[in-house]
Engineer: 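One structure follows; several queries about it will come next.
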Amino acid sequence: MRVTSHVLMTLGALIADLRAALGVEGVHADPFELKLYDRDASTMSGRCAAVCFPTSTSEVSAVLRTCRSHNWPFVARGSGTGLAGGAVPSGPKPPVVVATTRMNRVLEVDVENRFAWVEPGVINLDLSRAVAGHGLFFAPDPSSQQSCSVGGNVANNSGGPHCLLYGVTNAHIAALEVVLADGEVVRLGGLDPEPEGLDLRGCFVGSEGTMGIATRICVRLTEKPRSVSTLLADFTDMDSAARAVSAVIGAGIVPAALEMMDKTIVGVVEAYVHAGLPTDAEALLLVELDGLPGGVRVESAAVSAVLSSHGARTVRVAAGETERALWWKARKSAFGAVARIAPNYYLHDCVVPRSVLVDVLGEVNEIARATGLLVGNVFHAGDGNLHPLIVFDRREPGVEAKVHEAGQRIIEACVRAGGTLSGEHGIGLEKREAMGLVFTDADMAAQRCLRDAFDPEGRCNPDKVLPSGSAGCGELASLPPGAWI
Amino acid sequence: MTSPLEAFAEEVGGVDAGPVTCRGGGTQWHLGGVASPTARHVVAPSGVVEHQPEEMIVRVGAATTVAELQDCTLAKSQLVALEADRPEEATVGGVLACGRAGLRRLGRGPLRDCVLEVTAVTSTGRLVRSGAPLVKNVTGFDLCRLLVGSYGSLAFIAEVVLRCVPKPQTERWFCSQGADPFEVRSRLYKPLSVLWDGDRTWVGLAGYEVDVADQAAEVLAAFAEAPGPPPVPASGTGTRLSLPTGDLRKLLQAPPGPTLSGGGWLAEIGVGVLHCDPAASDALVEGGFLPALGASPPTAALGDLHRRVKENFDPSGRLNPSRSPLADHVTPKTTRPDLGGVQEPALRVAPAGPVKR
C-alpha cells in the first residue's frame, strides 16, 4: 500500500482527534508497535494507521465518530487469533485498529436464567471458568479458546469441537450492544425469546467486523452435562475412519464432538503431549457423548460397536477426567505442535457433506502428493468440517506459491464435492475471491444489501468477505440474467 | 424447462409487477400488521425436494405444509425443530416468515437455528441463495437469520434446507397442580418444555427412555402422566408476550397481586413466552404492566437500521406492503434493570389475534 504525503497529513489530524477522544494512553501510533497489529494468525498482513484501546461503549463510539468525521476506515480486533485475515487492516487507507483488549470484564452473570453480559475482550475460556462454579459453560470452544475473545467469536460465528451438538456461536448469543459505523449505539436481539423486529443479532454474528463493533455481549450459558463419556478409536486406514463417522451419525446418534486426527498429526501431538496415542495408526477418532447417565451409557456402547464394526483396531474409553482432559489437550494442541515439523503452517477450513469425507480426504492427500507438500488433517469430522493443515518453511524458495496453489485446489475440491468455503474460520481476506465458487452475483448483491444497511459508507473493516468489484446493493436490479441459483 | 423456483420468481416479477404478497397457509395471517388488500397474492413452490437422513438435512419448497415435512422426516426417525398449531395447514415458509417457535422451544431451540439454507425471491424478481445444505457453514453474510421473522418484507422465501435431528426414543408429558415450575425447571436437565398456567405445571421430557424415567422419578414424583401439552389459551384470538425469563418470573410471582389471578394464560418457563386470552391480556393492561397495545418504534438508531435494511432489499416497498416485523410491538411500563447500555423495551406483545387499539 502506498501512503501519500496527503494521507500522512490527514493521518496526523486523525490521530490528534483520536487522542483528544481517548487520551494519549488510549491511542498508539508508534511505527514499531503498529507492525504488531498489521496481522492476525493467518498468513496475511496489512497496514494500520493507529491502534485505539477503548475501555467502554462510549469510548468506542467516540472513536468511530472521529473516524466518521475524518472519513477514515477502522477494523475491530479481539485477540488476533483469526485464521482468515478478518482482523488484518486492509483497504486504500490504512485503517484504525480498534482493539477490545481493555474491555475484558464479565459484567453480569445470571445463573437462574443462564446468561452473562460480557465485554468483547473477555477470553473465551475465562468466561467458561468464571461460570464453572455454577455448573455452567459457554459452549463454543475453538481450539484457540485459551486466547481468543468472545468478541472475536461473535465476529466469526466461531465453532469448535463441541459445536456438533451445541451449535456454533450464533446459537449462544442472545443480545448485543453494537456501535455502528456512524457511532450510534444499538441493541440487537434481546433477553426475551422473540425480540421485536428483524433478527439483526443473527446477521451481526458472523459478519466479520463489517457491521459495527459489539461492545457488550449477552451470551447464553449452557448447563454442564450430568455425564460424559469420551472414546478414542484408532484405525489402520483413513477411509475406514471416515466411513465410521458417517455410520455413527447414521445410527441416529449426534455426539457432543466427533474429531479426527491423521497419522501426521498424531505423531507430532504425541511427541508434545505424551497422551499415550497410538502413533502407528493411520487415523484416530475422538468421540465424546454427553447428557444424562443412562443415555450416555447407551450411546457409548452403541458408538463403540459401530466403530469396531467399521474397522477400529481398538476403542478406548477415557478412564476419568484426567485421561479425558489429556486427550482433548492432544486434540487442541495440534496446531501448535506442528511447529516441531516446520515453522509455518496454513490451516484450511472447508465443509463437505459427511458422505463424501472419504473421497475428499483422498483428494486432499493427492493434492499434497502432487505439490510435494506435507498436509496433516485434524478436524471436526462429525459435521464434515475439514481442516487440512499445510506445514511449510517460509524460507524455502517458492514454497509459499505452492502452499497457496494447494490451498486453492483443496477449496475447489471441497466445493466440487458439494461443500463450501468455511465452516468456522470465516471468509475474511483469505477466501473473498473464492466466494464466486459458491455464490452468484445476485446472491452476493443481496449480501451487500445487508452489509450496506449497517455501514452505508463502507468504513467498517473494508475489503472483507465480499470479493473486490462485486456488485453493489443497488445493482441487484441491473444484474444480467443468467444462472440464478 | 422452467423450474418451480424460476416460475415462482417470474410470478413475483420485478419492480414493474407492482405490490405482491406471499401467502402460506394463512394460519398466522393476522400477524405483522394488516395485509394490503390490493397486493397480488403469490404462493411459493411446495413439496419435499429431498431428505438426506445421513446428512441430517431436508430440502422443501416453502409452501410445503409442516405436516408433510414432519411426516417425511419422521419416516426416517428424524425431526425438524419447526412446529405449528395447525400443521396440516401451516406452511414451512409461513412459519419461518413469522418466526415463532412452538411449545417445545426450551428443548429444541429457537426456530431460526434450524435453517441451513434459504433460497428467496428478491423485490427485483431474482432468486438468491444464502447458506448451504451443510450442517456447519459460515460462508458469507447470513440472510437465513435475517429472513426468519421478517414477514416477507425483504424477500419471499421460496425453498429452504432445514436441519434434522434424531427423533428421541421417547417423549412423555407430566402434569401437576401446585408445583413450583421455576424450581422444577432448574432441577431438570434439558427438559423439552415446562409450562405453567398459575395452577398446573406441565413438563415435557424427551430422550432415552431410561433418562426420561430417571428424571421423572427424581424430580416429578408428584406429577401424573399427561397426554401432551395443554392447548394454548384462546389460540388465534389471544396475545403472545415475549419477555426475558427473569421478567416473566417477576410478572407471575412478585407480586402476583390480582393481575393474572383470573387464569387464561400459559407461560413457557425458561423461554419467556406468555400466551394470554383476551381477559388475561386486559388484566395485564389494567394492572399497569402493559400500558398500551400497538406499534411503537424502538430506539431511533435501531429504527433507522431497520429502515435501511428494508430500503436496500425492497426500495419500492412492493413486497408484502404494510407488513413489518416491528408491527406487533408494545412499549412496556417497566424494563429490567439497565446495564448502562441502551434503554430498550424489554416486553413485546404480539397479538395471536386482531390487535386491540
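To find a chain, count down the sequence lines: A is the first, B the second, and so on, and within it residues start at 1. Everything quoted here is computed from the prediction, not taken from an experiment. Side-chain atoms are counted along with the backbone in the values below, which use heavy atoms only and exclude waters and symmetry mates.
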Engineer: Considering non-hydrogen atoms only, spot the tightest contact between B/P244 and A/D192 and give its length.
Structural biologist: N-CB, 3.5 Å
Engineer: Checking B/E268 against chain A: side chain, backbone, both or neither under 4.5 Å from a heavy atom?
Structural biologist: neither
Engineer: Between A/T210, A/I253, A/N156, A/I249, which residue shows the highest count of heavy-atom pairs closer than 4.5 Å to chain B?
Structural biologist: A/T210
Engineer: So do A/L421 and B/V138 actually touch side chain to side chain, heavy atoms under 4.5 Å?
Structural biologist: no
Engineer: Select one option (side chain, backbone, both, neither) describing which atoms of A/N157 are under 4.5 Å from chain B's heavy atoms.
Structural biologist: both
Engineer: Find the distance between CZ (A/R451) and CG (B/N312) and round it off to the nearest 0.5 Å.
Structural biologist: 12.0 Å
Engineer: What part of B/V210 gets closer than 4.5 Å to chain A, counting heavy atoms only: side chain, backbone, both or neither?
Structural biologist: side chain
Engineer: Main chain of A/F204, side chain of B/R145: is a donor-acceptor contact present, judged purely on distance under 3.5 Å?
Structural biologist: no
Engineer: Which of the residues B/G207, B/A155, B/G99, B/G140 is involved in the greatest number of heavy-atom pairs with chain A at under 4.5 angstrom?
Structural biologist: B/G140
Engineer: Below 4.5 Å from any heavy atom of chain A, which atoms of B/Y208 appear? Answer side chain, backbone, both or neither.
Structural biologist: side chain
Engineer: Roughly how far apart are A/D452 CG and B/F313 CZ, rounded to 0.5 Å?
Structural biologist: 9.5 Å
Engineer: Between B/L134 and A/P353, is there a side-chain heavy-atom distance shorter than 4.5 Å?
Structural biologist: yes
Engineer: With sequence neighbours excluded, tell me which residues meet ring pair (Phe, Tyr, Trp, His ring centres under 6.0 Å) with B/H275.
Structural biologist: none
Engineer: Is A/V351 close to chain B through its backbone or its side chain, or both, or neither, when contacts mean heavy atoms under 4.5 Å?
Structural biologist: both
Engineer: With a 4.5 Å limit on heavy-atom distance, are the side chains of B/L302 and A/L200 in contact?
Structural biologist: yes
Engineer: Does the side-chain contact (heavy atoms from CB on, under 4.5 Å) test come out yes or no for B/Q169 and A/V298, once each step is laid out?
Structural biologist: CA-CA 12 Å; B/Q169 198 178 56; A/V298 171; 5.8 Å; no
Engineer: Pair B/H306, A/L198 - check side-chain contact (heavy atoms from CB on, under 4.5 Å), show working.
Structural biologist: CA-CA 7 Å; B/H306 271 84; A/L198 298 166; 3.7 Å; yes
Engineer: If I measure from the heavy atoms of chain A, does B/L154 come under 4.5 Å with its side chain, its backbone, both, or neither?
Structural biologist: side chain
Engineer: Of the listed residues (B/R185, B/K310, B/R307), which shares the most heavy-atom pairs with chain A below a 4.5 Å separation?
Structural biologist: B/R185
Engineer: Quick one, B/R126 and A/T440 - any side-chain contact, counting heavy atoms below 4.5 Å?
Structural biologist: no
Engineer: Applying salt bridge (charged side-chain N to carboxylate O under 4.0 Å, His left out) to B/K136 and A/E424, what does each step give before you reach the verdict?
Structural biologist: CA-CA 8 Å; B/K136 194 175 184 188; A/E424 55 183 10; 2.8 Å; yes
Engineer: I'd like to verify something: which residue of A/R226, A/R448, A/R297, A/M211 has the highest number of heavy-atom pairs under 4.5 Å with chain B?
Structural biologist: A/R226
Engineer: Could I get the full list of side-chain hydrogen bond (donor to acceptor under 3.5 Å, both in side chains) partners for B/R59, not counting sequence neighbours?
Structural biologist: B/E50, B/E117, B/E159
Engineer: When you look at CZ of A/R105, are more than 12 heavy atoms from neighbouring residues, nucleotides or ligands closer to it than 6.0 Å?
Structural biologist: no
Engineer: With a 4.5 angstrom heavy-atom cut-off, could you sort out which part of B/R163 is near chain A: side chain, backbone, both or neither?
Structural biologist: neither
Engineer: Considering only heavy atoms, which portion of A/M444 lies under 4.5 Å from any heavy atom of chain B: side chain, backbone, both, or neither?
Structural biologist: neither
Engineer: Under a 4.5 Å heavy-atom cut-off, does chain B meet the side chain of A/V352, its backbone, both or neither?
Structural biologist: backbone
Engineer: Is A/L450 close to B/L143 at the side-chain level, that is, under 4.5 Å between some pair of heavy atoms?
Structural biologist: yes
Engineer: What part of B/S150 lies closer than 4.5 angstrom to a heavy atom of chain A: side chain, backbone, both or neither?
Structural biologist: both
Engineer: Considering only heavy atoms, which portion of B/L146 lies under 4.5 Å from any heavy atom of chain A: side chain, backbone, both, or neither?
Structural biologist: both
Engineer: Given a strict heavy-atom distance threshold of 4.5 Å, which part of B/N137 is in contact with chain A: side chain, backbone, both, or neither?
Structural biologist: both
Engineer: NZ/B/K190 to CG/A/L292 distance, rounded to the nearest 0.5 angstrom?
Structural biologist: 8.5 Å
Engineer: Counting heavy-atom pairs under 4.5 Å to chain B, which of A/C350, A/G291, A/A434 comes out on top?
Structural biologist: A/G291
Engineer: Checking A/S246 against chain B: side chain, backbone, both or neither under 4.5 Å from a heavy atom?
Structural biologist: neither
Engineer: Measure B/V135 against the heavy atoms of chain A and call it side chain, backbone, both or neither at under 4.5 Å.
Structural biologist: side chain
Engineer: Identify which of B/P315, B/G246, B/A132 forms the greatest number of heavy-atom pairs closer than 4.5 Å to chain A.
Structural biologist: B/G246
Engineer: Between A/A171, A/A453, A/P193, which residue shows the highest count of heavy-atom pairs closer than 4.5 Å to chain B?
Structural biologist: A/P193
Engineer: Is chain B contacted by the side chain of A/L165, its backbone, both, or neither, given a heavy-atom distance below 4.5 Å?
Structural biologist: side chain
Engineer: Select one option (side chain, backbone, both, neither) describing which atoms of A/H425 are under 4.5 Å from chain B's heavy atoms.
Structural biologist: backbone
Engineer: Check each atom of A/E184 against the heavy atoms of chain B and say whether the ones under 4.5 Å are side chain, backbone, both or neither.
Structural biologist: side chain
Engineer: Counting N and O atoms only, with roles assigned by atom type, does the side chain of A/S422 sit under 3.5 Å from a partner on the main chain of B/T139, one being a donor and the other an acceptor?
Structural biologist: no
Engineer: Examine whether an atom of A/L180 lies under 4.5 Å from a heavy atom of chain B, and if so say whether it belongs to the side chain, the backbone or both; otherwise answer neither.
Structural biologist: side chain
Engineer: Most heavy-atom pairs under 4.5 angstrom with chain B, which of A/G419, A/S158, A/P225?
Structural biologist: A/P225
Engineer: Under the 3.5 angstrom rule, does the side chain of B/D211 hit a backbone N or O of A/G295 as a donor-acceptor pair?
Structural biologist: yes
Engineer: So does B/S242 get a backbone contact from the side chain of A/E194, meaning a donor-acceptor N/O pair under 3.5 Å?
Structural biologist: no
Engineer: Looking at every non-hydrogen atom in both residues, tell me the closest pair between B/S186 and A/R114 and how far apart they are.
Structural biologist: O-NH2, 4.0 Å
Engineer: Which one wins on heavy-atom pair count under 4.5 Å against chain B: A/S355, A/G384, A/G426?
Structural biologist: A/S355
Engineer: Donor-acceptor pair, distance only, cut-off 3.5 Å: does the side chain of B/R112 make one with the backbone of A/D199?
Structural biologist: no
